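We count residues from 1, following the sequence as given. Treat the numbers as computed from the prediction; the structure is a model and nothing was measured.
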Amino acid sequence: MENIIIQEKEWKHWHISDDLKALFEKSSNVILPDTRDELIDLSVGGKGNKTYKVGYEIEGKGFVVEADVVRCKNGIAINYPDPYMRRRDPNCMVVNNIEMTDKITYKERFKNDFEQVRNQTFEWLSKNELILIPFMAGGQEYGYPALMVAPKNAAFFAASIYDLQGVIPNDRLRKDFEPRAVIYVAPPFRHILFEGKQVVVHNQQGNVHEVFSYNLYPGPSAKKGVYGVLLALGLKEDFVTVHASTVNITTPYDNDISILHEGASGSGKSEMLEYAHREEDGRLLLGRNVVTGEEKYLALQQGCKLQPVTDDMALCHTSFQKGNGKLTVADAENSWFVRIDHIKKYGTDPNLELVTTNPKEPLIFFNLEAHPDATCLIWEHTEDAPGKKCPNPRIIIPRDQIKNIQDGPIEIDYRSFGLRTPPCTKEHPSYGIFGMLHILPPALAWLWRLVAPRGFGNPSITSTGKDAFKLESEGVGSFWPFATGKRVDLANILLEQFMNTTKTRNILIPNQHIGSWEVGFMAEWVIREYLARRGQASFRKLNLKPARHPLGGYIPENIHVEGTPLSKKFFDVTKQPQIEEEGYDKGAKMLEEFFKKELQLYLKSDLHPLGKAIILCCMDNGTVDDYEKLIPGAY
């Protein structure tokens with residue numbers, strides 16, 4: 001079953017470091033899987049096995065189980081005994097040997113040199129049977145050759161890389177293979193050196209970007225670690241990979257538009273690719289007032305057809321930009337790491353249920369209840385504690401299993417930014433002051449990406465209780481947590497992008513709450529339907545007015561969807577009696593102070609002069625018209 005290359009030593013011809021060759025030389029078995037099925041079998045410890053415990057002997061602790069793997073009818077399910085390991089720790093990343101960086105270095109955090117730990121990691125890996133996964137970071141067509149090295153018993157992690165990034169098949173693997181990046185997986189070091197915490201080290205070793213994953217949750221390394229590699233390579237080649245989903249939308253009248261939806265984790269990227277969730281009678285529940293319990297519905301007989309393009313990482317490579325004023329993107333991933341916390345019962349998303357219960361090939365599930373030879377169901381989320389569901393259940397879905405998938409590159413008509421907003425009332429004001437749709441000048445859209453609020457109740461990271469309401473920034477484009485370089489460098493590249501793509505329209509769509517109304521992701525689903533139906537018509541015809549606070553850009557006076565007018569209180573939250581101007585102004589003040597604090601980080605000498613002017617416009621309480629004059633755009 002296993003292709004054992006240690007005997008042939010094919011890697012001797014690869015262009016890799018001497019210490020990596022020495023590592024392979026010392027290992028008793030180096031496996032280069034021929035097929036995905038081999039990895040699935042290895043994930044459960046062998047072809048006939050149904051369950052498998054992934055664990056390691058830790059001095060003073062004994063055998064520590066890091067993950068339980070179960071073979072189900074529709075794939076393999078991975079569960080972590082430690083609830084902390086079920087989502088990404090936002091503080092997991094440190095850097096080493098990277099010349100131009102604003103990130104905390106390994107030495108600053110741990111008070112010692114990483115080189116010794118790197119050597120320890122190699123020594124530990126050399127005592128294990130190893131799995132190698134050669135892949136293309138950023139996709140087969142526009143990506144960069146990379147390699148993953150993991151212990152054999154962590155095969156499910158290798159399978160995750162195989163799916164997420166797209167393996168280079170053995171028959172297409174060049175004899176002189178030269179990876180630009182290498183991911184090393186060494187789970188025991190979480191306990192040996194890092195007090196049980198998730199730690200991912202990005203290390204520049206000559207011309208190779210190394211990622212050391214000291215844990216087995218794929219989010220910080222197999223997923224965002226590769227994202228960090230792409231951002232680092234993009235800085236050298238003057239492009240960026242934006243943190244966004246992309247969808248092409250076709251109306252019942254055969255009108256097409258495309259939307260790119262950016263934002264921090266939990267901002268609705270994956271949801272932008274989903275069909276609107278309907279009630280039993282087919283209506284859409286617009287929202288439920290958290291104070292009065294009132295509910296509002298919308299009858300929408302036929303929704304638009306969705307053709308997903310990207311789920312989380314949209315490559316904006318210079319090679320396919322057309323110079324026509326519109327942004328063009330392609331998918332940087334081979335599979336999607338889809339969060340399904342909002343799917344709490346059967347019938348919520350029939351399309352996703354069909355894909356996951358009857359897949360073309362076995363899928364990989366995380367944080368879901370699983371039993372041998374049973375079907376893993378996407379609404380049966382693992383419990384973090386009795387009665388408390390894990391907020392971060394996930395599935396890896398290969399692109400070729402996604403209905404109506406569209407291959408890029410694709411031009412973008414609307415560039416949206418998502419924000420998780422808490423409830424807002426006069427008695428309990430918050431930054432949940434946004435209506436369903438805000439139209440932003442390009443300069444203001446750029447500012448939102450510099451600040452990139454993480455938002456309310458983020459399910460992908462370890463924040464609970466009062467922290468769920470806290471305003472925190474994920475920074476430049478919302479991908480700063482995964483980047484290794486300098487904020488200003490990335491901000492400059494993003495600014496150039498906005499300056500060159502002024503024919504792509506910029507909007508902001510909140511989720512979770514519109515003022516005192518709990519809406520989930522319905523706002524983006526309804527606005528998506530609305531934008532598709534109106535096509536390329538000018539927003540000016542909507543009788544736009546400036547939002548009460550300039551950071552909100554413009555808001556429409558009124559909107560109709562299939563002839564049905566939507567209440568003004570869903571677009572101007574001051575119309576809600578629970579908020580009015582009093583609650584709005586208090587929430588706006590919180591947001592304004594947050595912006596001004598975060599934007600100070602970018603006022604550096606190497607910031608683009610126009611970028612400085614935009615930030616100073618915010619500091620000086622500029623109007624929406626002031627932002628529009630800085631970068632005129634399409635509306």
Are the side chains of H513 and C424 in contact, using a 4.5 Å heavy-atom criterion?
no
Could you tell me whether a side-chain N or O of N255 sits under 3.5 Å from a main-chain N or O of A532, the two making a donor and an acceptor?
yes
Y584: what forms a ring-ring contact (aromatic ring centres under 6.0 Å, His included) with it, not counting sequence neighbours?
none
Would you call E383 and K388 a side-chain contact if the rule is heavy atoms closer than 4.5 Å?
no
Who are the side-chain contact (heavy atoms from CB on, under 4.5 Å) partners of P546, not counting sequence neighbours?
Y554, V624
Just by distance, no angles: are the side chains of R449 and Q497 close enough, under 3.5 Å, to form a donor-acceptor pair?
no
Looking just at side-chain N and O atoms, do N248 and Q307 make a donor-acceptor pair shorter than 3.5 Å?
yes
Donor on one side chain, acceptor on other, T250 and D256, under 3.5 Å
yes
Using side-chain heavy atoms (C-beta onward) and a distance below 4.5 Å, is E295 in contact with R288?
yes
With sequence neighbours excluded, what pairs up with Y602 under the ring-ring contact (aromatic ring centres under 6.0 Å, His included) test?
none
Mind checking what makes side-chain contact (heavy atoms from CB on, under 4.5 Å) contact with L286, not counting sequence neighbours?
K296, L298, M436, M522, V526, L566, F570
Test applied, ring-ring contact (aromatic ring centres under 6.0 Å, His included); reference residue, F434; option that passes from F571, W448, F417:
W448
Rounded at 0.5 Å granularity, tell me how far CD1 in I397 sits from OG1 in T356.
7.0 Å
Shortest non-hydrogen contact from V329 to A314?
CB-CB, 4.0 Å
Can you list everything that forms a side-chain contact (heavy atoms from CB on, under 4.5 Å) with P252? Sequence neighbours excluded, please.
Q302, C304, R533
Determine the minimum heavy-atom distance between A276 and L284, stating which atoms define it.
CB-CD2, 3.9 Å
Which of E580, Q576, Q578 passes side chain to side chain contact (heavy atoms under 4.5 Å, CB included) with K426? Answer is E580
Between R454 and R420, is there a donor-acceptor pair closer than 3.5 Å when you use the side chain of the first and the backbone of the second?
no
Can you list everything that forms a side-chain contact (heavy atoms from CB on, under 4.5 Å) with P350? Sequence neighbours excluded, please.
none
Could you check D82, N392, N367, D89 and say which one makes a side-chain hydrogen bond (donor to acceptor under 3.5 Å, both in side chains) with Y217?
N392
Ring geometry between W525 and F521 (parallel below 30°, tilted from 30 to 60°, perpendicular above 60°):
tilted
N351/Y275 under side-chain contact (heavy atoms from CB on, under 4.5 Å): CA gap, chis, key distance, verdict:
CA-CA 8 Å; N351 286 301; Y275 287 92; 3.2 Å; yes
Side chains of W446 and N506: donor-acceptor distance under 3.5 Å anywhere?
no
Taking the six-membered ring for Trp, are H243 and F482 parallel (under 30°), tilted (30 to 60°) or perpendicular (over 60°)?
perpendicular
